[in-house]
Protein chains: 2
Amino acid sequence: MAHAIRFLAVDAILAAGEGHQGVPLGMAEIATVLYSRHLKFDPADPTWPDRDRVVLSNGHGSTLLYSLLHLTGYHHISLDAVKSFRELGSTCAGHPEYEPAAGIETTTGPLGQGIANALGMAIAEAHLNARFGDDLIDHRTWAFVGDGCLQEGVGQEVIQLAGHLKLGKLTFFWDDNAITDDGSTELSISENVAERFRVAGWHVVEIDGHDIEAVDAAIRAAKADPRPSMIACKTTIARGIPRLEGQRGGHSGKLFPDDRAAMAERFGWTGGSFDIPADIGADWRATGKPGAETRAAWRKRLAAAGNAVQDEFQRTISGILSEGAREAIHAYKAKAAAEEKADFSIATSGDIAAALYEALPDIMTACADLEAPTNHKRQLSAFTAKDRAGRYIHCGVREHAMGSLANGMAAHGGIIPLAVTYLPFSDYERPALRMAALMGLPVKFVFSHDSIGIGKNGPTHQPVEIIASLRAMPNMTVLRPCDAIEAAEAWEIALEHRTGPVALIFARQSLPALRRDGGAENRSARGAYVLQEAEGGPRRVTLISTGSEVQIAVEARVLLQAQGIPTAVVSMPCWSLFEAQDAAYRKAVLGEGTVRVAVEAAVKFGWERWIGEDGGFVGMTGFGASGPADALYRHFGITAEAVSEAARVRL
Amino acid sequence: MAHAIRFLAVDAILAAGEGHQGVPLGMAEIATVLYSRHLKFDPADPTWPDRDRVVLSNGHGSTLLYSLLHLTGYHHISLDAVKSFRELGSTCAGHPEYEPAAGIETTTGPLGQGIANALGMAIAEAHLNARFGDDLIDHRTWAFVGDGCLQEGVGQEVIQLAGHLKLGKLTFFWDDNAITDDGSTELSISENVAERFRVAGWHVVEIDGHDIEAVDAAIRAAKADPRPSMIACKTTIARGIPRLEGQRGGHSGKLFPDDRAAMAERFGWTGGSFDIPADIGADWRATGKPGAETRAAWRKRLAAAGNAVQDEFQRTISGILSEGAREAIHAYKAKAAAEEKADFSIATSGDIAAALYEALPDIMTACADLEAPTNHKRQLSAFTAKDRAGRYIHCGVREHAMGSLANGMAAHGGIIPLAVTYLPFSDYERPALRMAALMGLPVKFVFSHDSIGIGKNGPTHQPVEIIASLRAMPNMTVLRPCDAIEAAEAWEIALEHRTGPVALIFARQSLPALRRDGGAENRSARGAYVLQEAEGGPRRVTLISTGSEVQIAVEARVLLQAQGIPTAVVSMPCWSLFEAQDAAYRKAVLGEGTVRVAVEAAVKFGWERWIGEDGGFVGMTGFGASGPADALYRHFGITAEAVSEAARVRL
C-alpha cells in the first residue's frame with residue numbers, strides 16, 4: 001500500500017516534469033498507517049464536520065496528499081487529476097490549494113504555515129467539543145512536518161503554544177530525513193529537535209518512519225497521551241530511488257524513467273504508469289469504511305440531539321450569522337448615533353466586539369499579548385489547557401502564530417476568528433494574512449495603533465506604509481473607519497464577508513463623531529460616500545480621506561467653504577469596495593472635474609487612483625517620529641490648513 | 001550606581017508622562033555590573049570599531065539605555081536629552097533609534113529584532129576577527145532580552161542559529177520577571193526557557209538578577225565559555241516602586257510623583273529630580289576609563305599594523321567600496337553586452353555577485369536554505385562554527401532571522417550584507433526589511449522567483465502584490481531589472497547606495513538581452529528611461545514596464561509600429577529613483593500626451609502614478625495559479641497582443 005503512494009507520486013512527477021519526491025517516498029509508510037488504521041475520515045463526505053483533519057505542512061510534497069486522496073477514493077482527486085499534476089486547472093496543483101470538497105484542508109507551501117493552521121484546527125476542535133460535546137465534535141488533527149516547518153520562527157511559536165495549551169489531539173509526524181534544500185541539516189541546525197519539543201511540554205516518540213508497526217505503536221501512544229504528540233520519524237528521503245535516496249537531490253532533483261524502473265525493481269512493483277494493482281487499490285479503498293460507519297453513527301447522534309441543537313450546530317458549522325448578530329451591530333450604531341459617541345477608536349471596536357460576543361458564540365479572539373491596549377477581551381474568558389470553553393486566546397508575543405492559527409480555525413469551520421494586534425506588528429503575521437487572502441478565509445484581522453497618532457512610542461510603532469501594503473493584497477478587504485458609526489458599519493461588512501479576510505484598522509486615539517445617522521443603511525458598504533456635500537454652488541473641491549484624518553478633511557472643508565469654495569468631503573473607508581461600484585457612482589463621489597485632495601496619515605502610494613496624477617495629497621512622505629501626536633501631525637504638515645491650501649493652489 | 005539608573009529612568013518617564021519603567025528598574029543591577037566591570041567601551045569615541053556592542057532588545061525599556069549612556073558620559077545623551085525623553089526631536093525617543101554617534105547601536109521596539117541584530121553583530125565580529133586578527137577586532141556583543149523577544153518566532157530562530165554557529169562572544173541577559181503586557185507569563189508559556197537554550201547548544205547560567213556578585217560571576221562564566229551564553233536573570237519588574245513591583249502594571253503603568261517618593265524612601269535616595277549625587281556620578285563616569293585605555297592601545301596596534309592593513313581596515317569599516325568593485329561590474333556589463341547575454345535572471349545576479357565577491361571582500365551573503373535555486377553562493381565557503389573566514393551563511397529555513405541578522409551586520413559595520421531568498425518569502429522577513437529602511441542600513445536584499453513566471457509551484461510561490469508592498473515602503477529602493485545589463489546597473493546602484501536598503505528583484509526564468517550598450521553610463525540610475533523610442537513620427541504610445549515584462553512591451557511595440565503607431569518602450573527598473581528626477585525628464589520619458597500602457601506581471605496597485613487614471617494596465621488582478629509559466633502568461637492575458645490592444649483602444 002505504501003508503494004502505491006510512491007509510484008503514484010513518481011508517475012505524477014514524471015508526467016509533470018518536475019515536483020518534490022522526497023516527502024511522498026519518505027513518508028509513505030507513515031501515511032499508510034495513519035490512513036489505514038487510525039484516521040477518521042469518509043471520502044464520501046470530505047467536509048463531514050467531525051472528520052479528523054490532515055495537514056501536509058511540508059506542502060511541496062503534495063503528491064503524497066494527492067496519492068492518499070486518490071487511493072482512498074476522494075472523487076475530486078480522480079486519476080485524471082493526478083495525471084494532470086501541476087498543469088493549469090488541475091486540482092492537483094504544485095502545492096496543495098485549499099479545497100475542502102477535495103479533501104485538501106488548507107493551502108501549504110510557505111513553510112510553517114501548515115502546522116500553525118493545524119494548531120488552529122486543534123483549538124477549534126477543543127472549543128467546539130466543549131460547546132457541543134463529544135457526540136458531535138471529537139476528532140484529531142494530524143500534520144506532516146518537515147525540517148523547514150520547524151526552523152521557521154512561526155513553527156517554533158506553534159511548538160511553544162501547542163505545548164502550553166496541552167492540545168492532546170494534535171499530532172505531528174516529523175519527517176526526520178536530515179536533508180533540506182541546501183543539503184545536510186547539519187549546515188543549519190545542531191539542536192536535538194525531539195528534546196526541543198519535550199522542553200515545550202510535548203509527548204515525543206522517536207521511531208523508524210519506515211517501520212509500519214513502530215508507526216502504529218507511536219500513533220497509539222499519541223492518542224493515549226494528554227499532551228500534543230510529536231512522532232519523530234527517522235526516514236530516508238526519496239526512499240526507493242537508488243540514485244537519490246538519502247541525498248540532497250532526493251528533495252526535488254529531476255526524475256527520469258530509469259529512476260522509476262530502479263524503484264520498481266527494488267520493490268518488485270509490477271504496475272505500469274499510473275496503474276495500481278487491483279488488490280492494492282481495493283485495500284486502499286477499504287480504508288474509508290470504518291469512517292463511513294463512524295459517520296453514520298455520528299449522523300444518528302446529531303439527529304437524536306434535537307432540533308435546537310441541530311439547528312445551532314448546522315448554523316455554526318456553516319458559518320451563518322446568528323439572528324442577533326446584525327441586530328447587535330444596528331443597536332450599537334443607533335446608540336452611538338444618539339450619544340454622538342466619541343471614544344478611542346480601538347475601544348469603539350472593542351465595544352462592538354463585546355456586543356457581538358453575546359450575540360455570536362462562534363467568535364473566538366486571538367491576541368498577541370496586547371489585551372489591555374487593544375481592548376477586545378471584554379467578557380470573554382481565556383481558552384486554556386483547563387478551560388476549553390474560553391474564547392480568548394492569549395497567544396503571547398507571537399503574532400505570526402496568531403494569524404496562522406486564526407486561519408486554521410477558519411479552515412476548520414465552526415469558528416469566526418478574530419486576530420488582534422497593533423497595525424505596525426501586522427508585518428510579523430503578513431505571511432498569514434497572505435494565506436488567508438489566497439485561501440479566501442473569513443478571518444477578521446483587527447488592528448489598532450494605525451498611524452503617527454500613537455505618538456511618543458515612535459516610528460517603529462507608527463505604520464505609514466502598511467495600510468498601502470494591505471490594500472495591495474488581492475482579496476484582502478481593508479477597512480479604516482472614521483468614527484463609531486463607520487466602525488459599526490465596518491464590523492457589519494466584516495461579518496457578512498465570507499469569501500476572504502478583512503483587515504479592520506483602528507486608531508489608538510479618540511475620534512469625534514462625524515456621522516449622526518444611526519439607521520440600518522450601511523453607507524460604508526459602497527467603500528466611499530459623500531459625507532458632507534458642497535454648499536453654496538456646484539462642488540469645486542473634493543476632499544477624500546479615511547479613518548482618523550476624515551476629521552481633518554471636515555475641518556479643511558470649513559476653511560474652504562468660508563472662502564466661498566464649495567467643498568465636499570468623501571469618506572473612503574474601503575478602497576476595494578469602492579472600486580467594485582459602478583463607474584457612475586464612483587465619478588459622482590469623486591467629483592469628476594473638481595479639484596481632488598486626499599488626506600491620510602500614511603504614504604501617498606496608490607492614492608493617484610483616486611486623486612489623479614495632479615491631485616493633492618496631504619500625508620506622510622517617510623517614517624514617523626517620537627513625540628506627542630498633535631506635535632507630529634503639525635510636524636508632518638497633516639493639518640486642515642495644509643489640506644485647504646493643497647486644494648486652493650489647484651483651483 | 002544601579003539606583004542612579006532607576007531614578008534617571010523614573011524621572012524621565014515622569015517628565016514624559018509615559019514610558020516603560022519595568023525594564024530599567026528590573027535590570028539596573030545587571031546593567032551596572034556589565035558597564036562597570038566588563039563592557040569594553042569608550043564614551044569619547046562611540047563608534048570605535050572594536051567596542052563591545054550593546055543591544056537593548058526589549059527596546060520599550062529605552063530609559064535603561066539612555067540612563068547608561070548619560071551616566072557613562074556619551075555626549076549626545078546629555079541631561080537635557082534625557083529630560084526631553086519622548087519629545088519631538090529628542091535623541092531619547094520613545095524607543096531607541098539607531099544613532100551610533102550617540103551610542104545607540106540599533107533601533108529596537110518590535111520584539112525579537114534586537115537579538116537578531118545582535119546575532120548579526122556577533123557574526124560580523126567573528127568574521128572580521130578572522131580577517132583582521134585579534135589585534136584589531138576582538139569584542140563581544142551583549143543583549144538585554146525580554147520574554148517577548150523569546151516568544152517571537154524570530155527570537156527562536158536566533159536561538160537555534162546562534163547555538164549552531166557557536167558564537168561564544170554573544171551574551172544575552174534575559175529579564176526573567178515572569179510578566180508580559182497581558183500579565184503573568186503563565187498565560188502564554190509553560191516551557192523552561194533556560195532548558196530551551198541549552199537544547200540549542202547555549203551556555204546557560206541562572207542567577208538572581210539583583211545580586212551584583214552573581215551577575216558578575218555569570219558574566220565571567222559567559223566570557224570563559226566557547227558557546228553563546230544566556231544569563232537567566234530572575235528579576236522583579238519595576239523593582240523599587242512598591243505599588244507596581246512584580247505586578248502587571250510594572251511594565252508601563254502610569255507613574256506618579258508618589259511612586260518616586262516611595263522608591264526614594266525604599267532606597268534612601270536623596271537626589272532630587274534628574275539629580276545624581278556627585279560621588280555616584282563620578283563612579284559612573286569612571287566606568288569608561290578602562291575602555292579609553294584599551295582604545296589607546298588598540299590605536300597603537302592599528303598604527304603599527306602598517307599602511308596597507310590600516311588602509312584596508314579603514315576602507316572596510318567605513319563601508320567604502322574597494323577599487324575593483326565598480327570595475328568588476330563594468331567588466332561584467334561590457335561582457336554581457338558583447339555576448340548579448342540571455343540567462344536565468346537570478347543566475348545573472350549570481351554571476352555579478354560572484355565577480356563582486358572577488359573584488360569586495362566585505363560582502364557576506366546570508367541565504368535561507370535556497371542555495372541552489374538562488375545561485376548566490378558561488379565561490380564562497382560557508383561561515384561555520386569552525387570556519388569564521390567563510391562568507392556564506394546557511395541560515396536554514398529562517399528568513400526572518402536572515403533579514404534581521406543582515407541588519408545587524410550592517411549596523412556593526414565592516415560587512416556589506418546580502419540576504420537572499422525567493423520574493424514570495426520576503427513577507428517572512430518583512431519586519432526586518434522595515435527596520436532596515438527605518439534605520440537606513442545599506443543591506444542588499446536579493447530576491448528571485450518574482451512572479452507567475454515561476455510556473456508550476458503555484459500561487460503560494462508567485463508574488464503578485466509584493467513588489468507593490470515593497471515600493472510602498474519609505475527608503476526602500478526597489479530594483480527590478482529586465483536583462484543582464486540592467487541587472488549589472490541595479491547592482492551598481494545597490495552598492496553605491498549607502499543610506500538605506502535595496503531590494504534587488506530577479507525572475508527565475510531566462511530573460512533575453514534587450515540592452516546592447518555595455519558602457520559605463522548607468523541608465524537605470526534615473527529609475528526609468530526610454531529603451532526604444534517611437535519611430536515613423538511623433539510618439540503616440542508609451543509602453544512602460546519592468547523586469548521580465550519589458551520583453552513583452554518590446555514585442556507589443558513591434559505590433560503597434562507595424563500598424564503605423566509610433567510607440568516607445570520605457571523600462572522602469574526603479575520607481576523611487578525615477579520619482580526623484582526632475583519633472584521635465586519624467587514628462588519626456590513618460591510621454592506626456594501619449595497613450596500610456598504599463599505591463600507588469602503583478603497587481604496594478606500604484607501604477608496610476610505613471611499611467612494616469614485612464615492609462616492601460618496589463619497585469620494581474622488577483623493571485624496566480626499552478627501551471628507552466630507560458631500557459632499562465634496567456635491565461636492571465638499578459639501578452640504582447642493584450643498590451644497592443646490596451647494601447648489601441650485608447651488612441
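What you see is a predicted model; the values in this text were computed from it and never measured. Proteins come first, then strands; the chains are lettered A, B, ... in the order of their sequence lines, and each starts at number 1.
The part of B/H400 that comes within reach of chain A is its side chain, from C-beta onward, which places non-hydrogen atoms under 4.5 angstrom from that chain. In this structure, chain A has heavy atoms under 4.5 Å from both the backbone and the side chain of B/I189. For A/V464, the parts lying near chain B are the backbone and the side chain together; criterion is any non-hydrogen pair under 4.5 Å. Neither the backbone nor the side chain of B/R198 comes within contact range of chain A; no heavy atoms are under 4.5 Å apart. A/A372 touches chain B through backbone and side chain together, each having a heavy atom under 4.5 Å away. Only the side chain of B/T107 comes within contact range of chain A, with heavy atoms under 4.5 Å apart. Proximity to chain B is absent for every atom of A/I393, based on heavy atoms less than 4.5 angstrom apart. For chain A, no part of B/S426 is nearby; none of its heavy atoms comes within less than 4.5 Å. With a 4.5 Å cut-off on non-hydrogen atoms, B/C92 does not touch chain A at all. Both the backbone and the side chain of A/A437 come within contact range of chain B, with heavy atoms under 4.5 Å apart. Contacts between A/L161 and chain B at a heavy-atom distance below 4.5 Å involve the side chain alone, from C-beta outward. B/E18 touches chain A through its side chain: at least one heavy atom from C-beta onward sits under 4.5 Å away, while N, CA, C and O do not. Neither the backbone nor the side chain of A/T384 comes within contact range of chain B, judged by heavy atoms closer than 4.5 Å. Only the side chain of B/M435 has a heavy atom closer than 4.5 Å to any heavy atom of chain A. Looking at A/W575, the atoms closer than 4.5 Å to chain B (heavy atoms on both sides) all sit in the side chain, from C-beta outward. For chain A, the nearby parts of B/A93 are the backbone and the side chain; heavy atoms of each come within less than 4.5 Å. Of the atoms belonging to B/E399, heavy atoms from both backbone and side chain fall under 4.5 Å from chain A. Only the side chain of B/H20 comes within contact range of chain A, with at least one heavy atom under 4.5 Å from a heavy atom of that chain. There is no contact between B/A385 and chain A, counting heavy-atom distances below 4.5 Å. For chain A, no part of B/L165 is nearby; none of its heavy atoms comes within less than 4.5 Å.
Each of B/G612, B/G606, B/P459, B/G201 has some count of heavy-atom pairs under 4.5 Å with chain A, and the biggest count is that of B/P459. Put simply, of A/L111, A/I159, A/N192, the one with the most heavy-atom pairs under 4.5 Å next to chain B is A/L111. Across B/E371, B/H60, B/R434, B/M620, the residue that shares the most heavy-atom pairs under 4.5 angstrom with chain A is B/R434. When each of A/A200, A/G109, A/P110, A/G627 is checked for heavy-atom pairs under 4.5 Å with chain B, A/P110 comes out on top. The residue among B/N457, B/L370, B/T185 with the most heavy atom pairs within less than 4.5 Å of chain A is B/N457. Taking chain B as the reference chain and counting heavy-atom pairs below 4.5 Å, the highest number among A/P431, A/P424, A/G94 is found for A/P431. For the set A/G153, A/S188, A/S62, the entry with the most heavy-atom pairs within less than 4.5 Å of chain B is A/S188. Counting heavy-atom pairs under 4.5 Å between each of B/G458, B/A631, B/P628, B/G163 and chain A puts B/P628 at the top. Comparing B/E186, B/R248, B/K377, B/K166 by how many heavy-atom pairs each has under 4.5 Å with chain A, the most go to B/R248. Heavy-atom pairs under 4.5 Å with chain A were tallied for B/L150, B/V603, B/D147, B/L438; the largest tally goes to B/L438. Put simply, of A/N475, A/T180, A/L470, the one with the most heavy-atom pairs under 4.5 Å next to chain B is A/T180.
With values rounded to the nearest 0.5 angstrom, A/C367 atom SG is found 9.0 Å from B/D181 atom CG. In this structure, CD on A/Q462 lies 12.5 Å from OH on A/Y422, to the nearest 0.5 angstrom. B/L590 contributes atom CG, which lies 10.5 Å from atom NZ of B/K587 (distance to the nearest 0.5 angstrom). Note that the NE2 atom of B/H164 and the CG atom of A/L187 stand 7.0 Å from one another [nearest 0.5 Å]. How far OG of A/S626 is from CZ of B/F85: 7.5 Å, rounded to the nearest 0.5 Å.
Atom CD of A/E613 has more than 12 heavy atoms from other residues, nucleotides or ligands within 6.0 Å.
Checked for salt-bridge contact, B/E465 and B/K604 miss the test: no charged N lies under 4.0 Å from a carboxylate O. The pair B/E579-B/R609 counts as a salt bridge, with a side-chain nitrogen and a carboxylate oxygen less than 4.0 angstrom apart. The pair B/R586-B/E592 fails the salt-bridge criterion, with no side-chain N (NZ, NE, NH1 or NH2) lying under 4.0 Å from an Asp/Glu carboxylate O. Using a 4.0 Å cut-off between charged nitrogen and carboxylate oxygen, B/E195 and A/R196 do not count as a salt-bridge pair.
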Walk me through whether B/W610 and B/R596 qualify under side chain to side chain contact (heavy atoms under 4.5 Å, CB included). CA-CA 8 Å; B/W610 310 118; B/R596 285 173 281 167; 5.7 Å; no
Worked verdict on A/T374 versus A/T421 for side chain to side chain contact (heavy atoms under 4.5 Å, CB included): CA-CA 7 Å; A/T374 58; A/T421 187; 5.8 Å; no
List the steps and the verdict of side chain to side chain contact (heavy atoms under 4.5 Å, CB included) for B/D369 and A/Q151. CA-CA 10 Å; B/D369 196 48; A/Q151 292 184 6; 5.5 Å; no
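Nearest heavy-atom pair, A/V154 versus A/A116, reported as atom, atom and distance to 0.1 Å: CG2-CB, 4.2 Å.
When only modelled atom types and interatomic distance are considered, B/S469 and A/S469 share no side-chain donor-acceptor pair under 3.5 Å.
Ring geometry for A/H95 versus B/H461: interplanar angle under 30°, hence parallel rather than tilted (30 to 60°).
Proximity of the aromatic rings of A/H394 and A/Y392 is defined here by a centroid distance below 6.0 angstrom, and this criterion is met.
Remark: of the listed residues B/E429, B/Q160, B/E157, B/Q160 is the sole one forming a side-chain hydrogen bond (donor to acceptor under 3.5 Å, both in side chains) with B/R398.
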